[in-house]
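Here is the structure we will look at, set down as structure tokens.
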Amino acid sequence: MSIKQKNRVRREKIMKGLRNTGIIIVCVGVFFGASYVVWNKAINDHTPLEYTDVYTIHNRDLFTYLSCEGEVQSSEKNYVVSNCTQRISRIFYNKGDFVNEGDLILKFDTSEYDKELDDLKKTKESLESLNITNQDYYKDTLSSQTDLKEMQLKKMQEVINITSALYDSVVEKNVKYSELAEEQRTKISDFTIRMKLEADPEKSELLHDQLENMQTLYGVYSEIASKYKENEAEYSDLLTQCKENYKILEQSYADSVLSAEDKYNAALLPDIQLGQLKDSISDLEKKISDCEVRAKSSGYLTDIYVSESELCSDGYIAKIENKTSNVIELKVKNDQINDIYEGMNALLSINSSLDRVYKGKVTSVPNYSATDFFNVKVTLEDDVQLSRGIGVSARLITAELSEQLCVPFDAVVKEEDGSYVFDVSKTDKGYRLNKKKVDILMETGYYFAVDNDTLLDGSIVCSDAASHTENEIINLKGDK
């Protein structure tokens with residue numbers, strides 16, 4: 001091949017290469033030009049790239065709270081007590097039974113009282129008969145001085161015997177009730193020590209009530225012993241007087257015949273003796289009546305502290321509680337108790353049925369607890385009554401706002417210079433996100449209560465605000 005031909009072939013290859021390179025350059029230029037046009041359009045026209053969820057916000061009542069558990073407690077507890085110190089002869093109800101006010105719960109053994117009452121009544125009848133017999137006799141036999149003397153002295157001796165018997169009885173009763181009083185005083189000392197050592201508030205309260213009852217019994221026994229002590233002195237004086245009257249009467253008959261009026265007056269038993277007998281009979285009849293213990297209120301016998309044949313010593317018989325109650329006892333942790341106060345609002349739900357919510361207020365906050373929990377009491381409002389023992393879940397309101405604009409938590413972005421949301425406004429090219437600073441007034445598990453002059457009830461804000469930017473154009477996917 002000649003040199004010219006070789007040069008021509010070389011030129012054709014070079015031109016072909018230049019043509020291919022030009023085509024490549026043009027294609028690359030077209031690609032980058034198109035990409036620039038797309039990028040520029042996306043920047044200038046804010047073409048939306050995705051659909052975004054939004055919220056329509058509203059004014060709501062918002063609150064923060066402490067959660068705790070508890071159960072319905074009896075709002076009314078009545079303790080059945082008795083001052084009787086005899087043995088129990090019969091108990092008519094069992095623990096858990098329902099009783100009505102006035103029902104007979106138990107009876108004490110009254111055999112000792114019955115015998116003493118029978119003896120006193122016989123003595124009283126004998127004394128009354130003696131007076132009537134003497135009066136009738138002296139009215140009918142004024143002339144029989146000898147017979148009169150023997151009968152009068154005999155009757156006077158009967159009076160002395162009766163008075164002596166009464167005196168011995170009073171001495172015995174004084175000793176008995178003095179011993180009972182001393183027994184109660186010893187129990188009071190023991191219970192005082194037990195109460196000081198008791199850490200459980202409820203048991204301490206029960207011991208305190210028992211102590212008060214023992215103190216009452218001690219006062220009663222001491223008073224009875226004191227009265228018998230006084231009666232002992234009176235009967236002693238009366239016995240001495242009767243013996244002196246007997247000597248006087250005997251001497252009188254020896255010296256001269258007494259007038260019928262003198263004999264009549266000398267034979268009369270002093271009124272004080274009959275009066276004392278009547279008082280003793282009245283006291284015994286009341287004791288026998290008190291041996292029948294009746295319910296002072298209607299309810300369930302949740303505890304019976306005694307058993308048949310037992311000698312009741314501290315006065316406590318049983319406890320009656322109402323079936324339903326408006327009082328809830330909550331278990332509050334030690335680290336929460338400082339935030340609880342009386343009058344605090346509470347929302348409560350029965351554990352077996354959480355759909356219904358009850359309103360209540362804290363009515364009792366203890367100052368001390370020996371355990372890891374404090375027993376806080378809440379009273380239900382609107383006269384609501386729930387069955388005793390039902391489990392309850394409670395929310396104790398620590399703070400609350402009424403009719404405050406609320407925003408879901410993911411619509412709020414927190415930054416160092418403050419918090420903000422994206423308000424959504426419609427434009428001719430879509431929906432624009434407008435950054436709005438807000439003041440957070442309260443935070444709950446889902447909502448933030450916020451304050452902003454331009455956000456209103458019904459405003460629309462963007463969800464998942466942290467993944468968006470100001471002035472971004474979005475399509476609305478849906479209102480959550």
Using distance alone, with no hydrogens and no angle criterion, decide if Y55 and D410 have a side-chain donor and acceptor under 3.5 Å apart.
yes
Side-chain donor/acceptor of S226 to backbone N/O of S222, under 3.5 Å
no
Set out, in order, the CA-CA distance, both residues' side-chain angles and the distance that settles side chain to side chain contact (heavy atoms under 4.5 Å, CB included) for K414 and F448, then state yes or no.
CA-CA 11 Å; K414 291 184 177 181; F448 288 169; 4.0 Å; yes
When you check the side-chain N and O atoms of D339 and T398, is any donor under 3.5 Å from an acceptor?
no
Would a distance-only check, ignoring hydrogens and angles, find a side-chain to backbone donor-acceptor pair under 3.5 Å from E308 to I91?
yes
Run the side chain to side chain contact (heavy atoms under 4.5 Å, CB included) check on L330 and L396 step by step: do they pass?
CA-CA 10 Å; L330 302 175; L396 302 179; 3.9 Å; yes
Return yes if some donor-acceptor pair links the side-chain N/O of S282 with the main-chain N/O of K278 below 3.5 Å, else return no.
no
Could you walk me through whether E112 and R87 pass salt bridge (Lys or Arg N to Asp or Glu O under 4.0 Å), step by step?
CA-CA 11 Å; E112 179 182 337; R87 292 193 181 275; over 6 Å; no
Are there more than 12 heavy atoms of other residues, nucleotides or ligands under 6.0 Å from atom NZ of K436?
yes
Work out which heavy atom in F422 is nearest to a heavy atom in T469; give both atom names and the distance.
CZ-C, 3.7 Å
Please enumerate all residues that pass side-chain contact (heavy atoms from CB on, under 4.5 Å) together with V392, with sequence neighbours excluded.
V72, I328, L348
Can a side-chain donor-acceptor contact be found between Y113 and Q86 if the only test is distance below 3.5 angstrom?
yes
From CA spacing to verdict: side chain to side chain contact (heavy atoms under 4.5 Å, CB included), L476, V54
CA-CA 7 Å; L476 303 185; V54 294; 3.7 Å; yes
Is there any side-chain hydrogen bond (donor to acceptor under 3.5 Å, both in side chains) pair reaching into residues 95-107, and which pairs are they, with sequence neighbours excluded?
Y93-D103
Distance only, no hydrogens: is a donor on one side chain within 3.5 Å (strictly under) of an acceptor on the other, for N59 and Q404?
no
For E172 and S169, does a side-chain donor sit closer than 3.5 Å to a side-chain acceptor?
no
Main-chain N/O of F373 paired with S369 side-chain donor or acceptor, under 3.5 Å
yes
How about K359 and N345: does a side-chain donor come under 3.5 Å of a side-chain acceptor?
no
Atom pair CE/OG1 of M344 and T363 - distance to nearest 0.5 Å
13.0 Å
Heavy-atom donor-acceptor pair, N452 side chain to T454 backbone, under 3.5 Å:
yes
Kindly give the heavy-atom pair with the smallest separation between H468 and D464, and that separation in Å.
CD2-O, 3.2 Å
CG of N434 to CG of N471: how many Å apart, nearest 0.5 Å?
7.0 Å
Answer yes if the side chains of T216 and N213 hold a donor-acceptor pair under 3.5 Å, and no otherwise.
no
Residue pair E182 / Q184, side-chain donor-acceptor N/O under 3.5 Å:
no
Any chance CG of D417 has more than 12 other-residue heavy atoms, nucleotides or ligands included, within less than 6.0 Å?
yes
Does NZ or CZ of K435 come closer than 6.0 Å to the centre of the six-membered ring of Y420, within 45° of the ring's axis?
yes
With no hydrogens and no angle check, do the side chains of K331 and N375 hold a donor and an acceptor under 3.5 Å apart?
yes
How would you list, by chain and number, every residue that makes a side-chain contact (heavy atoms from CB on, under 4.5 Å) with E342, sequence neighbours excluded?
V365
With a 4.0 Å cut-off on N to O distance, would you call D283 and K287 a salt bridge?
no
Enclosure of K176 NZ (heavy-atom neighbours >12, cutoff 6.0 Å):
yes
CG-CD1 distance between L301 and I105, expressed to the nearest 0.5 angstrom
5.5 Å
To the closest 0.5 Å, what do you measure between OG (S298) and CD1 (I320)?
8.0 Å
If you look at every heavy atom in S459 and D423, which pair is closest and at what distance?
CB-OD1, 4.5 Å
Donor-acceptor under 3.5 Å (T56 side chain, G458 main chain):
no
Side chain S289, main chain E285, donor-acceptor under 3.5 Å
no
